[in-house]
Number of protein chains: 2
Amino acid sequence: MTTSRDTETRDRLLKAAERLFADRGFKKVTVRDICRAARANVAAVNYHFGDKLGLYREVMQSAIDAMRGTNDAAREAGAGQSAEEQLRRYIAIFVHRVLTPGNDTVHKLINREMNDPTPALDTLVEQGVRPRVEYLSGLIAEIIECAPTDQRVLRCVAGVQAQIISYLPNPIAARLGFAYKPTPANLDGIAEHVAEFSIAGVHAVGRAVHAR
Amino acid sequence: MTTSRDTETRDRLLKAAERLFADRGFKKVTVRDICRAARANVAAVNYHFGDKLGLYREVMQSAIDAMRGTNDAAREAGAGQSAEEQLRRYIAIFVHRVLTPGNDTVHKLINREMNDPTPALDTLVEQGVRPRVEYLSGLIAEIIECAPTDQRVLRCVAGVQAQIISYLPNPIAARLGFAYKPTPANLDGIAEHVAEFSIAGVHAVGRAVHAR
DNA sequence: AGTTGTTTTATACATTTGTTTGAGACAAAC
DNA sequence: GTTTGTCTCAAACAAATGTATAAAACAACT
């Protein structure tokens with residue numbers, strides 16, 4: 001059982017594939033691209049992972065695990081706090097993990113699946129996205145004092161998520177001066193902004209329909 | 001100069017291409033896909049548009065024009081109103097145009113460019129996105145009484161846009177019960193929610209930094 | 001040293017895809 | 001009816017791409 005050289009190229013393939021899949025999406029990345037980046041032979045992907053999709057599935061699985069890690073970290077950070085404070089901390093952790101370069105691949109992959117679903121979508125949703133949405137739904141339902149199934153709750157959750165994701169660097173934002181250096185201070189600033197904006201929004205939506 | 005049959009297949013190509021490019025993105029759509037959908041020969045694209053990119057550029061140009069139409073409509077709808085009311089109406093028009101099936105191709109294309117830029121990106125940003133962002137920036141700057149160049153303004157603009165876009169149907173949202181029938185009533189509901197949420201958010205952000 | 005199981009490599013194959021070409025179809029002008 | 005300019009079509013080409021294969025390299029164990 002060789003564990004030095006085998007896992008080396010296998011790992012290099014995974015690393016390279018994660019980067020490339022996140023940056024360009026499943027379809028637009030070539031097996032040859034991955035192998036070149038991983039300094040491996042063209043046949044390496046098929047040998048180690050069966051086929052291109054097999055490799056993608058493994059990449060996605062590790063992304064899901066990372067996502068769970070973020071979920072847990074945020075939950076812990078907010079333990080014992082008020083719902084509003086929990087939401088605030090969730091956003092902070094979230095922003096840092098999503099927007100720190102190098103850690104961003106996870107959410108880039110989610111973004112890719114949102115626009116171009118692959119057979120790996122189901123696992124991602126069930127194991128990664130749903131738990132997150134359900135936690136956030138609980139928080140927001142508590143804040144506006146309604147059932148977690150209330151239509152407004154999901155809309156608020158989506159609103160929070162969408163705001164954060166919109167800070168992922170993209171060529172349109174870059175051209176509009178929406179760029180920033182991902183320093184801890186700047187990320188804190190973003191997190192604070194999103195939290196402020198969102199919490200006020202949530203309260204407003206809660207009030208609005210009560211008043212109806 | 002024949003204008004009956006020529007423009008017929010040319011138009012069919014444009015129509016089919018718009019749909020397909022919006023749904024799958026430039027790279028993932030095949031010239032053969034487009035031609036099949038338009039009931040045209042494989043060579044038709046190259047004959048009428050030079051190459052695949054030429055066709056895409058024309059599709060993008062008509063998308064930009066549609067975008068300008070939306071901008072103008074929203075501007076008119078808000079003429080003479082308060083900044084807050086202008087924002088409210090902008091969101092309403094925006095939501096209706098973006099989320100009415102069939103009219104959604106424009107923003108799907110923008111979304112595509114955001115994730116997978118093509119050489120048509122510059123035109124899109126300068127002629128379509130920038131005017132919109134600048135109008136919204138003006139509104140929000142007025143609401144929170146600061147310079148339109150203030151960092152918070154752009155963040156709010158992005159927040160509003162991101163929320164709306166997040167209602168575009170996508171497979172992840174679908175699996176999470178975030179689906180809705182795009183009836184006028186439902187779209188009104190969404191617009192109201194986003195407006196309520198965002199305006200409260202904008203005010204909060206305006207207050208927060210004043211208090212620093 | 002020899003055997004065995006695993007990994008790497010070069011090469012090949014079948015599809016797919018954007019594009020080209022040359023012949024034909026068509027309609028209007030003469 | 002012939003010519004002319006424009007469009008359509010079937011076929012072909014070259015490049016790219018996912019995958020397969022068979023030989024070689026390698027490491028561990030006897």
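Just so we're clear, the structure is a prediction, and the values are computed from it rather than from any experiment. Within every chain, numbering begins at 1; the chains are lettered A, B, ... in the order of the sequence lines, protein sequences first and strands thereafter.
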Residue pairs involving residues 154-168 of chain A (criterion side-chain hydrogen bond (donor to acceptor under 3.5 Å, both in side chains); sequence neighbours excluded): A:Q163-A:S198
Nearest whole angstrom, please: distance from the [atom2] of [N] to the [atom1] of [X].
X	N	atom1	atom2	answer
B:F49	D:dC7	CZ	C1'	13 Å
B:I34	C:dT16	CD1	P	18 Å
B:R36	C:dT17	CZ	C1'	12 Å
B:D33	C:dT17	CG	P	7 Å
B:L13	D:dT8	CG	C1'	12 Å
A:Y56	D:dG18	OH	P	15 Å
B:E8	D:dT6	CD	C1'	15 Å

N/O contacts under 3.5 Å, protein versus nucleotides 18-21 of chain C?
from   : atom 1 : to    : atom 2 : distance (Å)
C:dG18 : OP1    : B:V29 : O      : 3.4
C:dG18 : OP1    : B:K52 : NZ     : 2.8
C:dG18 : OP2    : B:V31 : N      : 2.8
C:dG18 : N7     : B:R32 : NH1    : 2.8
C:dG18 : O6     : B:R32 : NH2    : 3.0
C:dT19 : OP2    : B:K52 : N      : 2.9

Not counting sequence neighbours, which residues clear side-chain hydrogen bond (donor to acceptor under 3.5 Å, both in side chains) with A:R75? List them please. none
Residues passing the side-chain hydrogen bond (donor to acceptor under 3.5 Å, both in side chains) test with B:D72, sequence neighbours excluded, are none
Partners meeting salt bridge (charged side-chain N to carboxylate O under 4.0 Å, His left out) with B:K28 (sequence neighbours left out): A:D116
B:R132 meets the salt bridge (charged side-chain N to carboxylate O under 4.0 Å, His left out) criterion, sequence neighbours left out, with none
Please tell me whether B:Y56 and B:F49 form a close aromatic pair, meaning their ring centres lie under 6.0 Å apart. no
Side-chain N or O of A:H48 closer than 4.0 Å to phosphate OP1/OP2 of C:dT8: yes
